[in-house]
Amino acid sequence: MGKVLQIGAGGVGTVVAHKMAALPEVFSEITLASRTKSKCDAVAKKIGGDRIKTAQVDADNVDELVALINKVKPDLVVNVALPYQDLTIMEACLATHTSYLDTANYEPKDVAHFEYSWQWAYKKRFEDAGITAILGCGFDPGVTSVFTAYAAKHHFDEIQYLDIVDCNAGNHHKAFATNFNPEINIREITQKGRYYQDGKWVETGALEIHKGLNYPEIGERESYLMFHEELESLVKNFPTIKRARFWMTFGQEYLTHLRVIQDIGMARIDEVDFNGVKIVPLQFLKAVLPNPGELGENYEGYTSIGCRIRGLKDGKERTYYIYNNCSHEAAYKETGTQAVSYTTGVPCALGAEMFMKGIWKKPGVWNVEDFDPDPFLARLGEQGLPWHEKFDVDLEL
């Protein structure tokens with residue numbers, strides 16, 4: 001049991017707060033903070049009761065973060081703010097000797113590029129401070145990394161080929177919308193693709209490589225190869241991997257809108273002058289697009305995310321598919337959010353639970369696959385994300 005300070009009150013943050021508030025035996029006190037306190041107040045009101053305290057903080061400001069952490073005195077800071085703010089929050093955690101957990105790795109504002117090197121560089125400082133940092137505890141990254149660790153522990157002597165597949169077969173009935181922060185989402189999708197092959201990273205054009213893949217209970221969906229951060233940590237932690245790739249589905253209408261956004265300059269992340277005011281086109285676009293946290297009401301269908309793995313067991317080749325399907329309707333009924341927020345928020349809250357129980361807790365900076373996957377997966381289904389396994393099947397990859 002312990003206190004937690006959660007920073008971020010968007011769609012994912014709403015789910016995290018819901019899930020933690022339902023476990024008073026684990027989280028004795030929860031403080032929800034954001035740049036806009038009214039957003040926190042709205043989440044707290046929706047949850048009801050007096051489980052959630054709220055506060056205002058600018059997560060870009062280390063001094064403000066330190067002051068709030070010193071006031072709340074949490075055992076753990078849960079970061080579901082923007083990836084730009086990972087390092088300022090980690091600095092504040094070091095200054096106050098407070099452990100840390102996030103769902104996505106650091107990304108600088110001025111470059112559409114993300115990797116773990118910035119956060120891994122904090123490893124010794126966290127070790128010396130005697131505190132834990134848990135990185136990438138969402139679904140992908142997060143559950144997909146735990147799935148891989150579970151496969152390595154129980155089903156393989158040697159993982160050789162890993163394909164992470166992410167399908168959103170839902171329909172939100174909007175002309176164009178992103179399922180999480182539009183600024184981060186569009187930056188991620190429009191950058192060049194990368195995959196790992198025989199000890200090297202191979203670069204591709206953005207969404208250049210694609211093929212149809214079949215997803216359980218959904219059917220075939222066109223899936224596009226892109227880079228995702230968990231690949232970087234997984235090939236480091238499982239060095240037998242010969243090839244690792246990440247695939248995500250996109251509909252043609254979405255891709256058409258995305259191409260137009262790029263062609264007319266609205267995906268730019270540099271400042272432009274508009275009537276004497278400096279604005280970033282992508283940030284302006286974010287302001288006029290639908291709020292991902294408010295898509296849930298009319299969202300239909302499922303997400304399907306998992307790992308397709310090929311390798312050796314007892315000298316013989318084995319294929320293995322471990323995945324979760326999540327209903328947008330069920331996610332909305334429980335938390336008022338859509339399944340993309342839900343599938344990220346549930347593992348985040350569960351990772352915080354693993355820390356509070358002392359199961360995922362050791363000084364330093366760690367990715368989720370560095371911990372025992374069994375207790376996490378034992379709770380994942382109970383928390384709303386049941387997972388399934390298929391052995392010796394055609395992985396289609």
Side-chain angles (χ1 to χ4, degrees), residues 7-13 33-40 42 56-65 79-92 102-119 172 174-194 203-208 224 226-229 248 250-295 340-341:
I7 302 173
V12 173
S34 175
R35 190 187 304 267
T36 307
K37 185 174 180 292
S38 59
K39 292 173 63 177
C40 303
Q56 190 278 332
V57 71
D58 178 358
D60 291 318
N61 188 313
V62 175
D63 291 339
E64 280 193 30
L65 289 163
N79 170 16
V80 282
L82 294 173
Y84 313 142
Q85 297 159 333
D86 288 1
L87 300 189
T88 53
I89 297 173
M90 290 180 78
E91 287 288 352
D102 68 26
T103 64
N105 69 1
Y106 173 71
E107 181 175 344
K109 276 189 178 182
D110 56 348
V111 183
H113 178 78
F114 49 96
E115 61 180 59
Y116 276 118
S117 62
W118 288 288
Q119 291 179 278
H172 47 52
K174 303 283 187 184
F176 180 83
T178 62
N179 292 293
F180 59 94
N181 185 294
E183 186 178 351
I184 302 302
N185 184 239
I186 291 172
R187 283 167 61 117
E188 177 181 297
I189 293 167
T190 55
Q191 70 172 289
K192 291 183 181 295
R194 267 195 298 157
E203 190 174 271
T204 73
L207 307 183
E208 174 187 6
Y224 294 79
M226 54 187 286
F227 177 71
H228 227 237
E229 63 250 50
M248 183 174 281
F250 300 102
Q252 285 305 308
E253 186 174 2
Y254 180 94
L255 293 177
T256 298
H257 277 85
L258 189 65
R259 187 177 69 251
V260 171
I261 286 168
Q262 290 177 276
D263 288 347
I264 64 175
M266 289 305 295
R268 287 175 57 175
I269 61 175
D270 57 317
E271 288 185 342
V272 300
D273 186 283
F274 177 72
N275 289 344
V277 177
K278 297 290 187 182
I279 65 167
V280 174
L282 184 54
Q283 291 178 355
F284 174 80
L285 180 66
K286 172 187 172 182
V288 298
L289 286 176
N291 179 354
E294 297 174 358
L295 292 176
V340 177
S341 296

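For the atom pair D102 CG and I89 CD1, the distance stands at 8.5 Å (nearest 0.5 Å). E91 contributes atom CD, which lies 8.5 Å from atom OG1 of T88 (distance to the nearest 0.5 angstrom). M248 CE to L207 CG: the interatomic distance, rounded to the nearest 0.5 Å, is 10.0 Å. Rounding to the nearest 0.5 Å gives a distance of 5.5 Å between CG of L258 and CZ of F176. Considering CD of E107 and CG of L87, their distance stands at 11.5 Å, rounded to 0.5 Å. I264 contributes atom CD1, which lies 12.0 Å from atom CZ of R259 (distance to the nearest 0.5 angstrom).
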For side-chain contact (heavy atoms from CB on, under 4.5 Å), just list the numbers for T190 and Q262, CA-CA rounded to whole Å, side-chain angles, deciding distance to a tenth of an Å, and then say yes or no. CA-CA 8 Å; T190 55; Q262 290 177 276; 3.5 Å; yes
side-chain contact (heavy atoms from CB on, under 4.5 Å) between V277 and D273: does it pass, once the steps are laid out? CA-CA 6 Å; V277 177; D273 186 283; over 6 Å; no
Would M266 and L282 satisfy side-chain contact (heavy atoms from CB on, under 4.5 Å), going step by step from the backbone distance to the final call? CA-CA 5 Å; M266 289 305 295; L282 184 54; over 6 Å; no
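Heavy-atom minimum distance, L65 versus A59: CD1-O, 3.5 Å. In plain terms, the two heavy atoms of Q119 and A104 that are nearest each other are OE1-O, 4.3 Å. Smallest separation of non-hydrogen atoms from P281 and G265: CB-O, 3.5 Å. What you find for K39 and A9 is that their closest heavy atoms are CE-O, 3.9 Å. Nearest heavy atom pair, residue R194 against residue T204, reads N-OG1, 4.4 Å. Between A267 and I186, the shortest heavy-atom distance links the atoms CB-CG2, 4.2 Å.
Between the side chains of Y106 and E229, not a single donor N or O lies within less than 3.5 Å of an accepting N or O. A donor atom on one side chain and an acceptor atom on the other are not found under 3.5 Å apart for D86 and N105.
Residues E253 and H257 are in side-chain contact: their nearest non-hydrogen atoms beyond the backbone lie under 4.5 Å apart. You'll find the side chain of V280 stays beyond 4.5 Å of the side chain of D270, heavy atoms only. Between F250 and I189, some side-chain heavy-atom pair lies under the 4.5 Å cut-off. Proximity of I279 to E271: side-chain heavy atoms (C-beta onward) are nowhere separated by under 4.5 Å. Between L295 and P290, some side-chain heavy-atom pair lies under the 4.5 Å cut-off. With contacts defined as side-chain heavy-atom distances shorter than 4.5 Å, the pair M90/W118 does not qualify. Side-chain atoms of E64 and Q56, non-hydrogen and from C-beta on, do get closer than 4.5 Å to each other. Residues E188 and H228 have side chains in contact (heavy-atom distance under 4.5 Å, counting atoms from C-beta outward).
With a 6.0 Å radius and a threshold of 12 heavy atoms from other residues, nucleotides or ligands, F284 has its CZ atom at or below the threshold.
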